[in-house]
Amino acid sequence: MSNCGAFYLASNVGGKIEKTQVKSAVKKYEKYHVGGDDEEREANYTDMVNKYYDLVTSFYEYGWGESFHFAPRWKWESLRESIKRHGQLGLQKGQKVLDVGCGIGGPLREIARFSGTLITGVNNNEYQISRGEELNRMAGVDKTCNYVKVGFMTMQADFMKMPFSDNTFDAIFAIEATCHAPDVRDCYKEIYRVLKPGQCFAAYEWCITESFDPLNQEHQRIKINYAFGNREKLSLAMGECLEALQLAGFEVVWEKDVAVASPLPWYFPLDKNQFTLSSFRVTAVGRFITRNMVKTLEFLHLAPEGSQRVQAFLEKAADALVEGGRMGIFTPMYFFLARKPLL
């Protein structure tokens with residue numbers, strides 16, 4: 001659970017978007033998904049993804065915390081504890097590591113602390129980078145701190161065209177991030193370029209499973225509702241993921257949908273019928289309180305106009321995730337470990 005409260009949520013809806021422009025930004029984002037086509041979304045993926053994260057980051061942090069991810073979870077674990085364990089990727093002290101799509105830096109900071117590695121996080125969303133820097137300062141780290149001393153840094157960059165030389169990093173990871181790429185093969189090729197030969201790229205990907213039936217109207221409805229509230233079309237199958245890696249030049253070392261063996265279903269944190277104190281804000285009661293709080297704050301002009309629409313499409317997406325999770329038609333935890341061959 002995040003420590004941010006109602007005031008943070010109200011004052012930060014829209015991120016870097018001017019508060020008077022939040023409603024129009026919501027309408028433009030909705031247009032990408034209602035009436036738009038895949039070609040238009042891919043051509044404007046940077047604008048679409050940036051609008052999405054400007055609009056939703058404060059909601060994510062309010063209900064989710066600093067790590068916007070799912071994780072295999074034991075019955076005795078809190079969501080935060082499971083996410084922390086989920087990030088243990090076998091890194092070695094002193095390695096120069098890249099986090100592709102680092103969000104506000106929650107996993108990056110945790111991994112740097114326990115691994116002793118030097119991690120650079122890239123994210124093309126200006127607001128999330130600035131929020132990450134704010135959280136760094138709250139943790140006692142600021143821009144004047146030495147990168148080697150603190151073990152991490154974040155920077156604004158497009159992971160489709162990163163500002164690094166070839167063969168820069170000892171290891172690279174991505175956690176539910178490269179699903180935003182307009183072309184996943186091109187994304188993997190760029191990751192391949194900046195990774196040193198003989199080293200590994202590990203990632204958790206959003207994928208549809210073999211249970212998904214494209215001719216099933218219920219499956220399609222769930223997929224559309226998910227995509228609308230989660231900024232991606234969710235069309236990559238696990239086999240296509242592996243093919244893209246191999247076409248990019250990688251050798252696949254290991255791959256598995258780790259959600260299958262999770263003691264608790266991965267979607268439980270979003271299931272409004274699961275009542276827990278640690279995830280209270282996403283329960284039915286918590287959602288009701290948040291919904292009315294946002295409505296009141298928007299009425300009082302403490303939250304920008306359009307905030308209720310953001311909250312509504314996030315709820316719709318959460319319900320679609322739970323439905324899809326129960327049916328087993330998609331997973332957020334398709335894991336692979338891939339190696340760049342030695343020259």
Side-chain angles (χ1 to χ4, degrees), residues 66-69 83-126 128-133 135-137 139-178 180-181 184-205 244-245 248-255 335-343:
E66 294 177 23
S67 300
F68 309 154
H69 308 295
I83 290 173
K84 186 183 295 186
R85 177 176 50 77
H86 187 52
Q88 297 179 18
L89 299 172
L91 301 174
Q92 298 177 15
K93 186 175 182 179
Q95 282 186 320
K96 191 174 182 181
V97 180
L98 178 66
D99 178 355
V100 177
C102 64
I104 61 174
L108 177 152
R109 284 186 290 274
E110 291 284 357
I111 294 170
R113 287 188 187 107
F114 70 68
S115 67
T117 53
L118 307 175
I119 305 182
T120 299
V122 295
N123 185 340
N124 70 353
N125 183 263
E126 182 184 359
Q128 288 201 334
I129 289 294
S130 65
R131 177 57 179 162
E133 291 173 350
L135 291 168
N136 291 346
R137 289 192 294 272
V141 177
D142 60 38
K143 289 183 178 180
T144 64
C145 286
N146 186 286
Y147 169 50
V148 175
K149 181 180 178 181
V150 301
F152 58 85
M153 64 179 288
T154 55
M155 62 186 298
Q156 188 175 356
D158 184 350
F159 59 47
M160 299 298 291
K161 191 175 182 180
M162 294 184 280
F164 307 118
S165 301
D166 295 356
N167 308 323
T168 295
F169 295 97
D170 299 300
I172 299 177
F173 67 87
I175 306 175
E176 300 173 39
T178 51
H180 299 307
V184 73
R185 184 179 66 175
D186 287 345
C187 178
Y188 291 165
K189 287 174 68 176
E190 180 67 354
I191 290 168
Y192 181 95
R193 181 184 69 81
V194 301
L195 181 64
K196 291 179 180 179
Q199 303 304 316
C200 290
F201 165 44
Y204 291 94
E205 284 284 15
L245 283 167
F250 284 105
E251 299 171 345
V252 178
V253 178
W254 191 80
E255 54 84 24
F335 176 82
F336 61 75
L337 180 68
R339 181 184 293 115
K340 180 176 180 177
L342 289 168
L343 297 176

Inset, instruction - May I ask you to decide if the ring planes of Tyr204 and Phe335 are parallel, tilted or perpendicular, using 30° and 60° as cut-offs? - result: tilted

Inset, instruction - Enter the distance from His180:NE2 to Asp158:CG here, rounded to the nearest 0.5 Å. - result: 12.0 Å

Legend entry - Shortest non-hydrogen contact between Cys187 and Ala181, atoms and distance: CB-CB, 3.7 Å

Legend entry - side chain to side chain contact (heavy atoms under 4.5 Å, CB included) partners for Cys200, two or more places apart: Leu337, Arg339

Inset, instruction - Kindly indicate whether the side chain of Val97, heavy atoms from C-beta on, has any atom under 4.5 Å from the side chain of Leu118. - result: no

Inset, instruction - Could you tell me which residues satisfy side chain to side chain contact (heavy atoms under 4.5 Å, CB included) with Phe336, sequence neighbours excluded, listed by chain and number? - result: Tyr188, Phe201, Ala203, Glu205, Cys241, Leu245, Glu255, Tyr334, Ala338

Inset, instruction - Starting at CG of Leu108, measure out to CG of Leu98 and round the result to the nearest 0.5 Å. - result: 9.5 Å

Inset, instruction - Kindly give the heavy-atom pair with the smallest separation between Ile175 and Pro107, and that separation in Å. - result: CD1-CB, 4.1 Å

Inset, instruction - Mind checking side chain to side chain contact (heavy atoms under 4.5 Å, CB included) for Glu190 and listing every partner two or more places apart, or none if nothing turns up? - result: Met162, Arg193

Inset, instruction - Using the side chain to side chain contact (heavy atoms under 4.5 Å, CB included) rule, take Gln128 and Gln156 through it: C-alpha gap first, then chi angles, then the decisive distance, then the call. - result: CA-CA 9 Å; Gln128 288 201 334; Gln156 188 175 356; over 6 Å; no

Legend entry - Point-to-point distance, once rounded to the nearest 0.5 Å, from CG of Asp186 to OG1 of Thr178: 12.5 Å

Legend entry - Contact summary for Met155 and Pro163, nearest pair of heavy atoms: CE-CG, 3.7 Å

Inset, instruction - Rounded to the nearest 0.5 Å, what's the gap from OG1 on Thr154 to CG on Asn123? Could you check? - result: 8.5 Å

Legend entry - Residue of the set Val194, Val100, Asn124 for which side chain to side chain contact (heavy atoms under 4.5 Å, CB included) holds with Phe159: Val100

Legend entry - Atom pair CZ/CD1 of Phe169 and Ile119 - distance to nearest 0.5 Å: 11.0 Å

Inset, instruction - Taking all non-hydrogen atoms of both residues into account, name the closest pair between Arg109 and Gly132 and its distance. - result: NH1-O, 3.6 Å

Legend entry - With Lys189 via salt bridge (Lys or Arg N to Asp or Glu O under 4.0 Å) - residues at least two apart: none

Legend entry - Salt-bridge contact Lys196-Asp170 (side-chain N to carboxylate O under 4.0 Å): yes

Legend entry - Asp99: side chain to side chain donor-acceptor pair (under 3.5 Å) partners, not counting sequence neighbours: none

Legend entry - Pairwise distance CG(Asp166) to OH(Tyr192) - rounded to 0.5 angstrom: 10.5 Å

Inset, instruction - Return the set of residues passing side chain to side chain donor-acceptor pair (under 3.5 Å) with Asn167 (not counting sequence neighbours), or none when no residue passes. - result: Lys340

Legend entry - Residue pair Lys96 / Thr168, side-chain heavy-atom distance below 4.5 Å: yes

